[in-house]
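Comments concern the structure below.
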Amino acid sequence: MARRSPVSASRTAAVPAPAPSRPVGNATRGTTNPNRLRRMDRWIAAEHGAPLRRAADPVAVDLGYGAAPWTALELLGRLRTVRPEARVVGVEIDPARVTAALPYVRAGLDFVHGGFEVPLPGRPGRAPVLIRAANVLRQYDEDEVAAVWARLCARLAPDGLLVEGTCDEIGRRHVWVALGPEGPRTVTFATRLGSLDTPSDLAERLPKALIHRNVPGEPVHAFLRDFDRAWASAAPLGALGARQRWRAAVAALAADWPLAGDPRRRRQGEVTVRWEALAPRAG
């Protein structure tokens, strides 16, 4: 079932290009809310905790944090449950948003003006162990995604992680791609189970690399179709709660799809699939 796509086939450069004289990218709408990214942050702390703990420089980037700095503050709090010395740099392409965030600067939290070149304060060549880019690429064209991924992955530390995806305004539904320096690894679907009618409701939150591929003949469409079927078959367990129904549906999916990550996280309303199983078909 694994497939190779133009995006997954691309490989990032070993040495990032020199930083441009002006930030790379476009300003987002800036929409943000407290706790909007809590599901993503919990997953990052659980799945990326080991690299964060062993990093010599445990710095993370909240890229495109928006009109208010809530998500950067929350990311710092979450990462410090794993590594008390963790630091977060909020990067925004809109200088007015950086200025507005400066009153929130504190030990371990900075805000800088920049874009996909990911400028970091401190020594030259500093590389983050994590870049989180939530609700940033949704405004870009699909054919721009691979180049942005490559640029961001080239900025990572050797065991760093890029998490790029989309969620709704209050954090009930998320889908994100996790990438290492070599490229995309997994896709995670996460939801507040009480809000879910069918798993395919998550299709509206697919990241830009996949959202236009939810059509017959594409792997992500087949995955969501199978997920809906498994969810329907598990309907009798709904009497025991949405969590039990979700776990049964995910267990059925595992027979045909390469699931990844800690199975214990599935009870939180998450399921992670290997990227190559969902990667867009060529062309």
So, do [X] and [Y] sit near enough that their side-chain heavy atoms are less than 4.5 Å apart?
X      : Y      : answer
Phe227 : Leu253 : yes
Val175 : Thr166 : no
Leu137 : Pro207 : no
Leu79  : Leu130 : yes
Leu37  : Leu75  : no
Val82  : Ile44  : no
Arg213 : Pro219 : no
Val136 : Val148 : no

[X]: which residues meet the salt bridge (Lys or Arg N to Asp or Glu O under 4.0 Å) condition with it, sequence neighbours left out?
X      : answer
Asp94  : Arg97
Arg265 : Glu270
Glu85  : Arg83

Do the side chains of [X] and [Y] join up, straight or via other hydrophobic residues, at under 4.5 Å, putting them in one cluster?
X      : Y      : answer
Ile131 : Val91  : yes
Val250 : Trp231 : yes
Leu63  : Leu76  : no
Val163 : Val118 : no
Leu102 : Leu120 : no

Can you list every pair that meets ring pair (Phe, Tyr, Trp, His ring centres under 6.0 Å) and has a residue in residues 178-207, with sequence neighbours left out?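 Sorted result for residues 178-207: Phe189-Phe223.
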If you look only at pairs with a residue in residues 45-67, which of them pass as a ring pair (Phe, Tyr, Trp, His ring centres under 6.0 Å), with sequence neighbours excluded?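 Ring pair (Phe, Tyr, Trp, His ring centres under 6.0 Å) check on residues 45-67 returns Tyr65-Phe111.
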Within the distance-only criterion (no hydrogens, no angle test), does the side chain of [X] pair as donor or acceptor with the backbone N or O of [Y] below 3.5 angstrom?
X      : Y      : value
Asn33  : Glu169 : yes
Lys208 : Tyr140 : yes
Gln139 : Asn26  : yes
Glu218 : Arg281 : yes
Asp228 : Thr198 : no
Arg155 : Glu117 : yes
Thr81  : Gly77  : no

Where [X] and [Y] come nearest, the two heavy atoms and their spacing:
X      : Y      : result
Arg267 : Leu193 : O-CD1, 4.4 Å
Gly115 : Pro23  : N-CB, 3.8 Å
Leu156 : Gly180 : CD1-C, 4.1 Å
Pro181 : Ala157 : CG-O, 3.6 Å
Asp110 : Pro121 : OD2-CG, 4.3 Å
Val129 : Pro51  : CG2-O, 4.1 Å

Of all pairs that satisfy salt bridge (charged side-chain N to carboxylate O under 4.0 Å, His left out), the ones with a partner from [range], not counting sequence neighbours:
range            : value
residues 67-81   : none
residues 35-53   : Asp41-Arg132
residues 234-249 : none

Is Leu240 isolated, or which residues cluster with it under the ILVMFWY side-chain rule of less than 4.5 Å, directly or via members?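 Its cluster mates, by chain and number, are Leu237.
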Quick check for you: to the nearest 0.5 Å, what is the distance between [X] atom [atom1] and [Y] atom [atom2]?
X      : Y      : atom1 : atom2 : result
Ser200 : His221 : OG    : NE2   : 9.0 Å
Met40  : Thr188 : CE    : OG1   : 9.0 Å
Asp168 : Thr31  : CG    : OG1   : 12.0 Å
Thr28  : Asn135 : OG1   : CG    : 8.5 Å
Cys153 : Glu182 : SG    : CD    : 7.5 Å

Can you name the ring pair (Phe, Tyr, Trp, His ring centres under 6.0 Å) partners of Trp43, sequence neighbours left out?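 In terms of ring pair (Phe, Tyr, Trp, His ring centres under 6.0 Å), with neighbours along the sequence ignored, Trp43 is linked to Trp176.
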Quick one: ring pair (Phe, Tyr, Trp, His ring centres under 6.0 Å) partners of Trp70, sequence neighbours excluded?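 Partners of Trp70 by the ring pair (Phe, Tyr, Trp, His ring centres under 6.0 Å) criterion, ordered by chain and then number, come out as Tyr104.
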Near Arg274 CZ, under 6.0 Å, is it more than 12 heavy atoms from other residues, nucleotides or ligands?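 For Arg274, atom CZ is not crowded (no more than 12 foreign heavy atoms under 6.0 Å).
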Leu161, Leu152, Leu162 screened by side-chain contact (heavy atoms from CB on, under 4.5 Å) with Leu179, the one that passes: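 Exactly one candidate clears the test, Leu162.
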Test side-chain contact (heavy atoms from CB on, under 4.5 Å) on Leu109 and Leu73 and set out the steps. CA-CA 8 Å; Leu109 180 63; Leu73 287 160; 3.4 Å; yes
Using the side-chain hydrogen bond (donor to acceptor under 3.5 Å, both in side chains) criterion, which residues pair with Arg106? Sequence neighbours excluded.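 Once residues adjacent in sequence are excluded, Arg106 has no partner under the side-chain hydrogen bond (donor to acceptor under 3.5 Å, both in side chains) criterion.
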Do His174 and Arg205 pass the side-chain contact (heavy atoms from CB on, under 4.5 Å) test, and can you show the C-alpha distance, the side-chain angles, and the key distance before you say yes or no? CA-CA 6 Å; His174 296 241; Arg205 297 301 163 185; over 6 Å; no
Could you give me the CA-CA distance, side-chain angles and deciding distance for Arg138 and Ile211, then say whether side-chain contact (heavy atoms from CB on, under 4.5 Å) is met? CA-CA 9 Å; Arg138 198 168 178 84; Ile211 194 166; 3.6 Å; yes
For the residue pair Trp275 and Trp149, does the interplanar ring angle fall in the parallel (under 30°), tilted (30 to 60°) or perpendicular (over 60°) class?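 Perpendicular: the ring planes of Trp275 and Trp149 meet at over 60°.
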Checking Asp57 against Arg87 for the side-chain contact (heavy atoms from CB on, under 4.5 Å) test, could you report, in this order, the C-alpha distance in whole Å, the side-chain angles of both residues, the deciding distance, and whether it holds? CA-CA 9 Å; Asp57 184 13; Arg87 295 182 290 277; 2.4 Å; yes
